[in-house]
Amino acid sequence: MSNSAVSPRRLLPLFLGLVVLVIGLFAAFLLLNTNALDGAKRRATGSDTIVFDTDEPCTAALLGQTLAVADPAGLRLFNADGTAAAERSGSLAEPALLTNGRFALAYDIGGPCALLLCDDGKTAATLPVDTAVYDAALTADGDAALLRAGADCLAVLEVYDRTGTLRYRRNSNTQYLSACALSPDGALLAAATAGEADAAFESAVELYRTGKEEVVFRLPLGAEVLCDLAFLSDGTLCAVGERTLYFLSADGALLGSYAPDGGRLLRWSFSEDGVSVLTEPFSAGTACSLLRFDRTGAVLAEAALDGAPLSLSSAGSYTAVLTERRLTVFDKQLRVTLEAEHSGSRLVLMRDDGVAYAVRTGEAQPFNP
């Protein structure tokens, strides 16, 4: 019986494969669990002041590196150098604006107009609505949900695809609806309802499948009016009440809730990592607080704020807060990554690489960590 040694040449491919695997795992760890690669992303994408023409009233949102602006003339997209990338004309007396993935949805609050636009400028639609729009939702694939007044019922829920084709409609004949949300895959539609139950006012969340008529579940949440609804990235549903934040599973279970002690919910922002909320105390002279929640309603981090918040925005692992005199960016642990003196803006927009834009009429100014 003879023994033979393994050739070093045969070991070399195995060694190189292990090195590549370790590097890949390390890069994945940095990407998913830290902000270490965000600096490289910022250098690759850049960030310049975006100057644009607009009329008042207007609102803005980020669509990747593109700025979406909705004003009375319609919906427009601007490149980083301020040049127009795409537009869709429409009458938006009081514009509201949503962005997700490569799509932007603008609608007239209380008016009969809704505009859908992709960042390539080729996919665009004026959704065929003829009554007042009260709320809307948008998926990354361009599916749009609208909550609007009904002509012969109390409210109408509709879902359109990216071409503006209606694919789902539901009339509400017995309940008023205050908010809607659309799941990331467009298969589930949620609505916040308000009506009478047992001779008392009751709010609830109802969930429907957009391919069927039946109600998946109905979860009563007491007498508190529900102001907003959103699906998080894992399918958890978040409902925002006047005083309470609720977290629901897709089968109707209440996962958790939060109500500030001695205060109220002031502003909130949804991102891939969860929910960021600003709370305001009832007693004068007490600072507002910023809190981050996971998808079950557990508080992950909390920070006290200096000054009255004007705007809140979250993206990726970052959250930005704008006050009258300062712009502050926090990471997922609510540690300050950027703090800058600033005034004159009324809106902050957060990018997922840590860059924040302070927006005033005709200008979006970037702030880099």
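Side chains are part of it too, since the values below use all heavy atoms of this structure and drop only hydrogens, waters and symmetry mates.
The heavy-atom pair separating Val216 from Ala250 by the smallest distance is CG1-O, 4.2 Å. Across all their heavy atoms, Leu92 and Ala70 have their closest contact at CD1-CB, 4.2 Å. Minimum interatomic distance between Ala60 and Leu349 (heavy atoms only, all atoms of both residues): O-CD2, 3.6 Å. Here the closest non-hydrogen pair linking Ala356 and Ala320 is CB-CB, 4.2 Å. The heavy-atom pair separating Thr210 from Gly186 by the smallest distance is OG1-O, 2.9 Å. A pairwise comparison of heavy atoms in Phe270 and Val275 identifies CD2-CG2, 3.7 Å as the closest pair.
Note that OH of Tyr246 and CG of Leu229 are 12.0 Å apart. Values are rounded to the nearest 0.5 Å. Note that SG of Cys153 is 12.5 Å distant from CD of Gln175, once rounded to the nearest 0.5 Å. In this structure, CZ in Arg292 is found 7.0 Å from OG in Ser317, a value given to the nearest 0.5 Å. Distance check, rounded to the nearest 0.5 Å: CG of Leu62 to OG of Ser313 gives 7.0 Å. Atom OG of Ser183 sits about 8.5 Å away from atom CG of Leu189, to the nearest 0.5 Å. Atom CG of Leu278 is separated from atom CG of Leu305 by 6.0 Å, given to the nearest 0.5 angstrom.
Contact of the Phe201 side chain with the Ser203 side chain is registered, since non-hydrogen atoms from C-beta on lie closer than 4.5 Å. Contact check for Asp331 versus Thr319: no side-chain heavy atoms found under the 4.5 Å cut-off. Residues Thr328 and Val336 are in side-chain contact: their nearest non-hydrogen atoms beyond the backbone lie under 4.5 Å apart. Inter-residue side-chain proximity for Val129 and Tyr160 is flagged as met; some heavy-atom pair is nearer than 4.5 Å. A 4.5 Å side-chain heavy-atom check between Val355 and Tyr357 finds at least one atom pair inside the cut-off. Counting heavy atoms from C-beta on, the side chains of Leu322 and His342 come closer than 4.5 Å. With contacts defined as side-chain heavy-atom distances shorter than 4.5 Å, the pair Arg346/Leu310 does not qualify. Between Thr236 and Phe231 the shortest side-chain heavy-atom distance does not fall below 4.5 Å.
Within a 6.0 Å sphere centred on CG of Asn171, other residues, nucleotides and ligands contribute more than 12 heavy atoms. For Asp185, the CG atom is densely surrounded, since the number of other residues' heavy atoms within 6.0 Å is greater than 12. Taking a 6.0 Å sphere around CD of Glu339, one finds it holds more than 12 heavy atoms contributed by other residues, nucleotides or ligands.
Donor-acceptor pairing under 3.5 Å is recorded for the side chains of Glu224 and Thr244. No hydrogens or angles considered: nothing links the side chains of Tyr107 and Glu94 as a donor-acceptor pair under 3.5 Å. Using modelled atom types and a 3.5 Å distance limit, the side chains of Glu56 and Thr361 yield a donor-acceptor pair. Counted by atom type alone, Arg295 and Ser233 present one or more donor-acceptor pairs between their side chains at under 3.5 Å. Remark: the Arg351 side chain and the Gln65 side chain contain an N/O donor-acceptor pair separated by less than 3.5 Å.
Between Arg218 and Glu202, at least one side-chain nitrogen of the basic residue sits less than 4.0 Å from a carboxylate oxygen of the acidic one, meeting the salt-bridge criterion. Between Arg76 and Asp71 a salt bridge is recorded (basic side-chain N to carboxylate O distance below 4.0 Å). Under a 4.0 Å N-O distance rule, the pair Glu341/Arg326 qualifies as a salt bridge.
Qualifying ring-ring contact (aromatic ring centres under 6.0 Å, His included) partners for Phe293, counting only residues two or more places apart in sequence or in other chains: Tyr258. For the salt bridge (Lys or Arg N to Asp or Glu O under 4.0 Å) test, residues two or more places apart in sequence or in another chain that qualify with Glu280 are Arg264.
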Show your working on side-chain hydrogen bond (donor to acceptor under 3.5 Å, both in side chains) between Ser314 and Ser276 and close with a plain yes or no. CA-CA 7 Å; Ser314 297; Ser276 298; 3.2 Å; yes

Worked verdict on Phe103 versus Leu138 for side-chain contact (heavy atoms from CB on, under 4.5 Å): CA-CA 8 Å; Phe103 289 87; Leu138 179 66; 4.2 Å; yes

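The backbone N or O of Gly164 sits less than 3.5 Å from a side-chain atom of Asp161, completing a donor-acceptor pair. Side chain of Arg162 to backbone of Ala124: no donor-acceptor contact under 3.5 angstrom is found. Checked by atom type and distance alone, the side chain of Ser172 never pairs as donor or acceptor with a backbone atom of Tyr176 at under 3.5 Å.
Listed by first and then second residue, the salt bridge (charged side-chain N to carboxylate O under 4.0 Å, His left out) pairs that reach into residues 138-154 are Asp130-Arg148, Asp143-Arg167, Arg148-Glu158, sequence neighbours excluded.
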